[in-house]
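Heads up: the structure comes next, in structure tokens.
Numbering of ligands and ligand atoms starts at 1, following listing order.
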Amino acid sequence: MAKVLVTGGAGYIGTHTLVELLAAGHEPIVIDNLVNSSAESLKRVAKISGQEVAFYKFDLCDSEKLNDLCGAENFDAVIHFAGLKAVGESVAKPLEYYQNNLQSTLTLLAAMEKHHIPSLIFSSSATVYGDPSELPLKETSRVGVGLTNPYGKTKYFIEEILRDWSAAHPDKQVTILRYFNPIGAHPSGLIGEDPQGPPNNLMPYVAQVAAGVRPELTINGNDYDTPDGTGVRDYIHVVDLARGHVAALSNPATGVRTYNLGTGKGVSVMEAVAAFEKACGHPIAYKIGPRRAGDIATCYASADLAAAELGWRATKTLDEACQDAWRWQSQNPQGFRQ
Ligand code: NAD
Ligand code: UD1
């Protein structure tokens, strides 16, 4: 059993990870400033798990509050989800993204040094591969080339910071998890993705069109060099992703380890829409629009390293992810704002 500080634990991936941590017998404690989430999500986690999660509402950049908490609790590990993640917003407000994502991480690392917390698991992204140099993407594939937005650059920069930090503190255990495209929701329908305003990502947008919240999906280009011309991505069920964190926690090692968390399978926008239509039982209205700036044609993972070293593989299907997303969407049309 580990006592785990979960930064950004009230968010989409954080809440699903809390459920899996509790199920595995760990003790998570959450810090979140609720800039992109609500405390209701943590009540839902308690409902699913039958256990309350300790929650501290403050900004991770607040070094004093963080040090007070780390001094009072004897944490075994940190899972660091906290960060801003909207790609378009990061282009409009780069300083906000660099300040929030980098400063919070630096503050956290300093606290981990001071309070001798041995282990860190960091939420990185397939976005660090930029323009893919090969497919499937391996952990050894080129990173940092073709990054088109400040959000993606914060992930790449933080990875570099973690390598420098680990070199100076070789006793620390640093695990970088590069998520591909997390989708879906907990099968209970109690927690899921709750975007504020129009969704930036495909699946929450599709879910809102299916629910009648938005009139139609715009497909961002159908002239890519892919089998049906639409973008291809590696969609991973958020519960599988959450379990990847538990697997990383259970297999500690010093130094920096980097793992892709994906399924290894590419799915086109058209295929994703068809899967969602099957799950909701009716057609999804769409039109074809222009390509989105900064988009790539195809991105999918080699997921073999996490299987070999962590004993983790994604097990849920695209159909299950769509069914679970639809359950969440239809049971919670206003998200966590009831
Ligand atoms: P989310 O926005 O739902 O969760 C992030 C949480 O961090 C939110 O609850 C937010 O309130 C909190 N937060 C942000 N800045 C904070 C700060 N300074 N102090 C305290 N709390 C703060 O996002 P998510 O989808 O759950 O993503 C979690 C992590 O995974 C993020 O770092 C994100 O960049 C990364 N990631 C997400 C995806 C994805 O598609 N969802 C893909 C790759 C990587
Ligand atoms: C986007 C981000 C990436 C981030 C990831 C997960 C960009 C350029 N990249 O990646 O940095 O890590 O989300 O948060 O924004 N699509 C449509 N219509 C829509 C929305 C999306 O056709 O309304 C298409 C896209 O063009 C793409 C696919 O659906 O082909 C998936 O898009 P999305 O869910 O935004 O994920 P990524 O593009 O992989």
Protein contact of atom 16 (N) of ligand 2 - nearest heavy atom, named by residue and atom, plus distance: Asn220 ND2, 3.2 Å
Proximal atoms of ligand 2 relative to Asn181 (non-hydrogen, under 4.0 Å): 36 (O), 37 (P), 39 (O)
Pocket residues of ligand 1, ordered first by chain and then by residue number (heavy-atom cut-off under 4.0 Å): Gly8, Ala10, Gly11, Tyr12, Ile13, Asp32, Asn33, Leu34, Val35, Asn36, Ser37, Phe58, Asp59, Leu60, Phe81, Ala82, Gly83, Lys85, Asn100, Ser123, Ser124, Ser125, Tyr151, Lys155, Tyr179, Pro182
Glu139 and Thr258: side chain donor to acceptor below 3.5 Å: no
Check: Asn201 N/O within less than 3.5 Å of ligand 2 N/O: yes
Protein contact of atom 39 (O) of ligand 2 - nearest heavy atom, named by residue and atom, plus distance: Arg233 NE, 2.7 Å
Asp240 side chain to Thr315 side chain, donor-acceptor N/O pair below 3.5 angstrom: yes
For Ile219, atoms of ligand 2 separated by under 4.0 Å from a heavy atom: 22 (O)
Centroid-centroid distance, Phe122 to His245, less than 6.0 Å: no
Centroid separation Tyr12 to Trp328 less than 6.0 Å: no
Protein contact of atom 26 (O) of ligand 2 - nearest heavy atom, named by residue and atom, plus distance: Asp295 OD2, 2.5 Å
Distance filter under 4.0 Å to Val269 heavy atoms, resulting ligand 2 atoms: 24 (C), 28 (C), 29 (O), 30 (O)
Tyr235 touching ligand 2 at heavy-atom level, < 4.0 angstrom: yes
Ligand 2 contact by Arg292, heavy-atom criterion under 4.0 angstrom: yes
Rounded distance [0.5 Å steps], OH in Tyr129 versus OG in Ser141: 5.5 Å
Polar side chain donor-acceptor pair, Asp324 to His186, under 3.5 angstrom: no
Check: His80/Ser123 side-chain N/O donor and acceptor closer than 3.5 Å: no
Contact (N/O only, under 3.5 Å) between Asn149 and ligand 2: no
Nearest heavy atoms of Ala247 and Trp312, plus distance in Å: CB-CB, 3.9 Å
Protein heavy atom at shortest distance from atom 9 (N) of ligand 2: Val87 CG2, 4.0 Å
Proximal ligand 2 atoms for Gly231, defined as those under 4.0 Å from one of its heavy atoms: 30 (O)
Check: Thr254/Asp171 side-chain N/O donor and acceptor closer than 3.5 Å: no
Side-chain H-bond candidate by donor/acceptor type, Tyr97 with Glu89, under 3.5 Å: yes
Ligand 2 contact on Val232 by region, counting heavy-atom pairs under 4.0 Å: neither
Within-4.5 Å side-chain heavy-atom neighbours: Ile117 and Glu73: no
Ser125 N/O under 3.5 Å from ligand 2 N/O: yes
Thr127 neighbourhood, listing ligand 2 atoms whose heavy-atom distance to it stays under 4.0 Å: 11 (O), 12 (O)
Nitrogen or oxygen atoms of Leu202 and ligand 2 under 3.5 Å apart: yes
Pair Asn332, Arg44: side-chain N/O donor-acceptor within cut-off below 3.5 Å: yes
Donor on one side chain, acceptor on other, Tyr179 and Ser124, under 3.5 Å: no
Arg233 to Phe180, cation-pi by 6.0 Å centre distance and 45° axis angle: no
Aromatic plane relationship, Trp165 with His169 - under 30° parallel, 30 to 60° tilted, over 60° perpendicular: tilted
Protein heavy atom at shortest distance from atom 18 (N) of ligand 2: Thr218 O, 2.8 Å
Proximity to ligand 2 by part of Tyr151, non-hydrogen separation under 4.0 Å: side chain
